[in-house]
Amino acid sequence: MLDIRLLREQPDVVKATLAKAGVEASAVDAVLVFDEKRRGVLAEVERLKALRNTVSKEISTLKDADVRNTKIAEMRVVGDQISTLDKQVAELEAAQQAALLDLRNLPHESVPVGADEEGNVVLQTIGTPRQFDFAPRPHWELGESLDIIDFERGVKVSGSRFYILKGKGARLQRALIQWLLDLHGNQGYHEVYTPFVVKEQCMWGARQLPKFRDNLYHDAEEDLWLVPTAEVPVTNLHRDEILDATQLPINYCAYTPCFRREKMSAGRDVRGIKRGHQFDKVEMYKFVHPDTSYAELEKLRQDAEESCRLLGIPYRTKVLCTGDMGFASTKTYDIELWAPGQDEWLEVSSCSNVESFQARSTNIRFRPEPTAKPEFVHTLNGSGLGIPRTMIAIMENYQNADGSITVPEVLRSYMGGLEVIK
RNA sequence: GGAGAGAUGGCGGAGUGGUCGAUCGCGCUCGUCUUGAAAACGAGAGAACUAACGUUCCGAGGGUUCGAAUCCCUCUCUCUCCUCCA
């Protein structure tokens with residue numbers, strides 16, 4: 001969430017910045033109105049509490065029973081007033097909080113302004129798409145003919161948007177996960193294995209709730225939520241902690257499956273494994289000093305790009321415009337792999353700086369100096385590649401005329417030396 | 001799933017109705033001493049909101065009371081033993 005003080009002190013700046021992402025100024029005013037009312041009532045109730053505290057201490061020393069009883073009666077009235085006002089404060093605070101949680105993060109000044117994905121800017125395109133001397137096939141055809149992806153049985157077992165990986169296909173996925181974790185480990189990310197279900201509080205902290213409720217799977221009985229990305233448990237690793245400044249930046253990488261209901265994408269990308277309800281992903285995550293977060297964003301992006309480069313597949317990097325960026329992000333790079341069979345660029349990584357947006361709602365801080373007051377850290381997240389889309393790109397770029405698939409060099413040692421899936 | 005115990009500051013651990021935001025120990029920071037370090041000695045230090053006064057925070061939420069870390073209720077979590085299990 002945003003800093004309420006920033007809204008109070010520079011409302012015009014906040015409004016102007018949010019306007020670039022299509023947010024109405026009234027959304028900011030709503031927060032401020034509640035805030036002002038709340039602070040008014042708070043001042044009054046605190047004055048009464050101060051009075052009660054003083055008189056209560058006095059009462060303990062009073063010997064005269066009459067005076068004592070008079071004071072007690074007075075304080076009983078004060079106590080009633082306090083509880084009434086306390087309730088008002090709580091209500092106003094909840095309303096203010098709800099309005100504040102509704103505000104997205106402020107786009108960074110370097111982000112291009114735009115209404116939707118049309119406004120995104122391609123920064124670079126690396127590698128040359130391979131020239132085929134045959135018509136490249138889409139991965140779903142290759143997967144079925146090689147019998148490494150089984151769509152029908154996936155649907156039989158779990159419904160639409162589920163599939164079964166078989167044999168070399170399952171192994172290719174496992175190889176990718178392992179290779180990526182090793183690669184990120186060498187890049188300085190500390191590997192963690194987290195639960196795949198989390199408490200509701202974690203979803204709020206990572207700002208999945210309240211906005212993305214419709215996209216999440218939820219176990220009502222245990223009040224646990226299936227993670228839509230490793231970003232959720234990893235963000236919450238350090239919830240309510242004051243981190244040691246000398247340890248920053250803290251870099252993590254984590255493999256998890258990701259579960260998404262995809263309600264918003266009904267009918268989109270229904271073929272193949274591009275958009276399933278369950279997919280695997282390796283995620284990179286950084287807790288950093290605020291001064292360094294934009295430099296860290298560049299490193300994060302380069303680390304993600306390196307995996308694309310090592311796979312030997314053409315990729316391009318885009319900076320997302322204000323209208324297409326995620327809710328929590330101040331600046332986002334998308335990295336896309338070329339998929340010749342589907343004839344499209346596939347988003348395999350999204351690298352974002354969220355500054356203190358998540359740190360504030362999860363209360364993750366550090367001390368700039370040993371005796372200084374704690375400040376919020378900045379956090380960044382980036383996919384160390386979404387696995388199914390990377391698989392698509394591998395299958396379609398490395399396919400051969402006979403329908404076999406050459407295993408990229410870097411993955412062979414993870415597949416027992418296998419060179420071709422046929 | 002059954003039985004019991006517990007949750008207090010970075011850690012350990014006191015505190016059962018009124019200067020308790022909290023004794024004490026360890027750890028930490030600074031200083032004295034020392035060539036340097038250790039030891040010893042001295043000093044300091046929780047968090048949130050607030051311009052400030054002040055208010056709030058002893059797992060969470062509610063209640064009793066003039067006043068709650070302390071009494072009552074609910075919940076969550078942790079530990080021990082048993083049961084079960086990959």
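Protein chains get the first letters and strands the later ones, always in sequence-line order, with residue 1 at the start of each.
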*Would you say a side-chain N or O of A:R8 is under 4.0 Å from OP1 or OP2 of B:rA51?*
no
*Once you round it to whole Å, what is the distance between C1' of B:rC49 and CZ of A:F376?*
12 Å
_Rounded to whole Å, please give me the gap between CZ in A:R360 and P in B:rA47._
18 Å
*Listed by chain and number, what are the side chain to side chain donor-acceptor pair (under 3.5 Å) partners of A:Y193, not counting sequence neighbours?*
none
*Who pairs with A:D334 by side chain to side chain donor-acceptor pair (under 3.5 Å), at least two apart in sequence or on another chain?*
A:S350
*What is the per-nucleotide protein-contact pattern of nucleotides 54-66 of chain B, from the 5' end, where B denotes a base atom under 4.0 Å from a protein heavy atom, S denotes such proximity for sugar-phosphate atoms only, and - denotes neither?*
BBS---------B
*Ion pair check, A:K274 and A:E344, cut-off under 4.0 Å*: yes
*Counting only non-hydrogen atoms, which of residues 191-198 of chain A are less than 4.0 Å from RNA chain B?*
none
*By ring pair (Phe, Tyr, Trp, His ring centres under 6.0 Å), which residues pair with A:Y315, not counting sequence neighbours?*
none
Contacts under 3.5 angstrom, residues 175-185 of chain A side chains, donor-acceptor by atom type, not counting sequence neighbours:
| from | atom 1 | to | atom 2 | distance (Å) |
| --- | --- | --- | --- | --- |
| A:D182 | OD2 | A:Y414 | OH | 2.6 |
| A:H184 | ND1 | A:Q187 | OE1 | 2.7 |

*Assign A:R365 to base, sugar-phosphate, or nothing according to its heavy-atom contacts below 4.0 angstrom with the strands shown.*
sugar-phosphate
*asked:* Would you measure the distance from the P atom in B:rG31 across to the matching atom in B:rU23 and give it in whole Å?
replied: 26 Å
*Not counting sequence neighbours, list each pair that qualifies as a side chain to side chain donor-acceptor pair (under 3.5 Å) and has a residue in residues 71-94 of chain A.*
A:K49-A:D86
*Round to the nearest Å and state the distance from A:E44 atom CD to B:rC49 atom P.*
22 Å
Donor-acceptor contacts under 3.5 Å from residues 142-150 of chain A side chains, at least two apart:
| from | atom 1 | to | atom 2 | distance (Å) |
| --- | --- | --- | --- | --- |
| A:S145 | OG | A:E141 | O | 3.1 |
| A:S145 | OG | A:L142 | O | 3.2 |
| A:D147 | OD1 | A:K166 | NZ | 3.1 |
| A:D150 | OD1 | A:E152 | N | 3.3 |
| A:D150 | OD1 | A:R153 | N | 2.9 |
| A:D150 | OD2 | A:R153 | NH1 | 2.7 |
| A:D150 | OD2 | A:K166 | NZ | 3.2 |

*asked:* Can you tell me which residue among A:V111, A:N120, A:D116, A:T332 is in a side chain to side chain contact (heavy atoms under 4.5 Å, CB included) with A:D324?
replied: A:N120
*Which whole-number value in Å describes the distance from A:R39 CZ to B:rC53 P?*
16 Å
Could you go through residues 12-24 of chain A and list every donor-acceptor pair under 3.5 Å that involves a side-chain atom there, pairing it with any protein atom two or more places apart or in another chain?
| from | atom 1 | to | atom 2 | distance (Å) |
| --- | --- | --- | --- | --- |
| A:K15 | NZ | A:D29 | OD1 | 2.8 |
| A:K15 | NZ | A:D29 | OD2 | 3.4 |
| A:T17 | OG1 | A:V13 | O | 2.7 |

*Rounded to whole angstrom, note down the C1' distance from B:rA45 over to B:rG27.*
13 Å
*CG of A:L100 versus P of B:rC49: gap in Å, rounded?*
13 Å
